[in-house]
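No experiment lies behind these values; they were computed from the predicted model shown. Count residues from 1 along the sequence.
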Amino acid sequence: MIRKLIQVEFLKSKRKGFWLLVFLGGFGVVALQMVNYGVRKEYLLQQSDNDWIYYLMNISSFTPLALVLGIAILTSFMTSIENETNAWKQLIALPVSKLTVYLAKFTVLAFMLLVASLLLTLFTYGYGVFLDLGAIPYGALLKYSFYPFFASLPILALQLWIATVSNNQAIPITTGVIGVLLSFSAQNLPDWLIWKWPSLMNSWNEPIYYVWLGLGVGCLLYFVGMFDFARRDVK
């Protein structure tokens, strides 16, 4: 049954143009650096001791913003489908549990973000090769592309929770905008705030810590949101 629910969520997302947003999320971050390096490539190369790492750091400075904004848009759109058509009761009336419905939505959203991270890897690699930056640091390439995804799972879980229990979609959109603003000033945030985690910056100078925290806290917020959704009456 969970597989059928996931298929249904994918069909609904296809009609809403979600995959275009996923593509733009992965491509848009690299496109900014295409403009940046296209205008002042020589200057940027003079600033770096390691051209590839400097290039990856420039890209990673925009990745958290794209992730947090993407999460806010996707979660809001995902739940607005039921809100706009008053389809929550029809969906819950099916022989499935509310826990399964919630799991299907979270799985589809997480998969979309994972695909966006994969696209980010491919576009980053492709433009880096085009720039001829030297030996490719594959480990750093994967780290800067996928670590922010795992670190952002608590934000995904929180935004989905807010979006599913809110009748007014202005609420999750507002929290999403606040999250984007917080991510924009991540360097000034305390290490415990989840909107800082996709930036991979912390006082320990260990990005992997945010990966494990993202997985742990993301699971916790997911279960809290899922059980809260399950106990509420849908309208």
Review point. For Leu21 and Phe77, what are the C-alpha separation, side-chain angles and deciding distance, and is it a side chain to side chain contact (heavy atoms under 4.5 Å, CB included)?
Key: CA-CA 11 Å; Leu21 292 175; Phe77 280 10; 4.2 Å; yes
Atom [atom1] of residue position [X] - does it have more than 12 heavy atoms of other residues, nucleotides or ligands inside 6.0 Å?
X: Met34; atom1: CE; value: yes
X: Trp19; atom1: CH2; value: yes
X: Phe27; atom1: CZ; value: no
X: Tyr125; atom1: OH; value: no
X: Asn205; atom1: CG; value: no

Compare all side-chain heavy atoms of [X] with those of [Y] and state whether any distance is below 4.5 angstrom.
X: Leu133; Y: Asn50; answer: no
X: Pro198; Y: Thr63; answer: no
X: Phe229; Y: Leu99; answer: no
X: Ile178; Y: Leu182; answer: yes
X: Leu114; Y: Phe146; answer: yes
X: Met78; Y: Phe18; answer: yes
X: Pro64; Y: Ser199; answer: yes
X: Tyr54; Y: Leu45; answer: no

Review point. Are Phe130 and Tyr127 close enough that their ring centers fall under 6.0 Å?
Key: yes
Check your understanding: So, Phe111 versus Phe106, ring centres under 6.0 angstrom or not?
Key -> no
Taking all non-hydrogen atoms of both residues, which atom of [X] and which atom of [Y] are closest, and how far apart?
X: Gly218; Y: Ala157; answer: O-CB, 3.7 Å
X: Pro137; Y: Leu56; answer: CG-CD1, 4.3 Å
X: Ala66; Y: Gly25; answer: CB-O, 4.4 Å
X: Leu221; Y: Pro154; answer: CD1-O, 3.5 Å
X: Ile53; Y: Ala140; answer: CD1-CB, 3.8 Å
X: Ile71; Y: Thr75; answer: O-OG1, 2.6 Å

Check your understanding: Between Phe227 and Arg231, does a side chain to side chain contact (heavy atoms under 4.5 Å, CB included) hold up when you go through it step by step?
Key -> CA-CA 6 Å; Phe227 287 114; Arg231 72 177 180 82; over 6 Å; no
Practice item. Please test Phe62 against Phe184 for ring pair (Phe, Tyr, Trp, His ring centres under 6.0 Å), starting from the C-alpha separation and ending with a verdict. Key: CA-CA 9 Å; Phe62 292 97; Phe184 184 76; 9.0 Å; no
Practice item. Go through the steps to decide whether Leu213 and Trp192 satisfy the test side chain to side chain contact (heavy atoms under 4.5 Å, CB included), and finish with yes or no. Key: CA-CA 9 Å; Leu213 282 170; Trp192 55 265; over 6 Å; no
Would the distance check show the side chain of [X] and the main-chain N or O of [Y] forming a donor-acceptor pair, the cut-off being under 3.5 Å?
X: Tyr210; Y: Met201; result: yes
X: Ser183; Y: Trp195; result: yes
X: Thr164; Y: Leu160; result: yes
X: Tyr55; Y: Thr124; result: yes

Exercise for review: Could you walk me through whether Ser48 and Asp51 pass the side-chain hydrogen bond (donor to acceptor under 3.5 Å, both in side chains) test, one step at a time?
Suggested key: CA-CA 6 Å; Ser48 64; Asp51 293 339; 2.5 Å; yes
Hey, quick one: are [X] and [Y] part of the same hydrophobic cluster, counting side-chain heavy atoms closer than 4.5 Å, chains of contacts allowed?
X: Val39; Y: Tyr43; answer: no
X: Phe123; Y: Val35; answer: no
X: Leu141; Y: Leu120; answer: yes
X: Val68; Y: Ile173; answer: no
X: Phe149; Y: Leu109; answer: yes

Once rounded to the nearest 0.5 Å, what's the spacing between atom [atom1] of [X] and atom [atom2] of [Y]?
X: Trp197; Y: Leu189; atom1: CH2; atom2: CG; value: 12.0 Å
X: Gln33; Y: Asn58; atom1: CD; atom2: CG; value: 4.5 Å
X: Met226; Y: Thr100; atom1: CE; atom2: OG1; value: 9.0 Å
X: Leu153; Y: Leu158; atom1: CG; atom2: CG; value: 12.5 Å
X: Leu67; Y: Leu156; atom1: CG; atom2: CG; value: 10.0 Å
X: Leu142; Y: Ser117; atom1: CG; atom2: OG; value: 11.0 Å

Exercise for review: List for me each residue that meets ring-ring contact (aromatic ring centres under 6.0 Å, His included) alongside Trp204, sequence neighbours excluded, and say none if there are none.
Suggested key: Tyr209
Check your understanding: Does any pair with a residue in residues 138-162 pass side-chain hydrogen bond (donor to acceptor under 3.5 Å, both in side chains), and if so which ones, sequence neighbours excluded?
Key -> Thr121-Ser145, Gln159-Thr175, Trp161-Asp228
Check your understanding: Stepwise, does the side chain to side chain contact (heavy atoms under 4.5 Å, CB included) test hold for Val177 with Leu69?
Key -> CA-CA 7 Å; Val177 171; Leu69 180 60; over 6 Å; no
Study note, to complete from the structure: Which of Asn188, Asp191, Asn202 passes side chain to side chain donor-acceptor pair (under 3.5 Å) with Lys196? It is Asp191
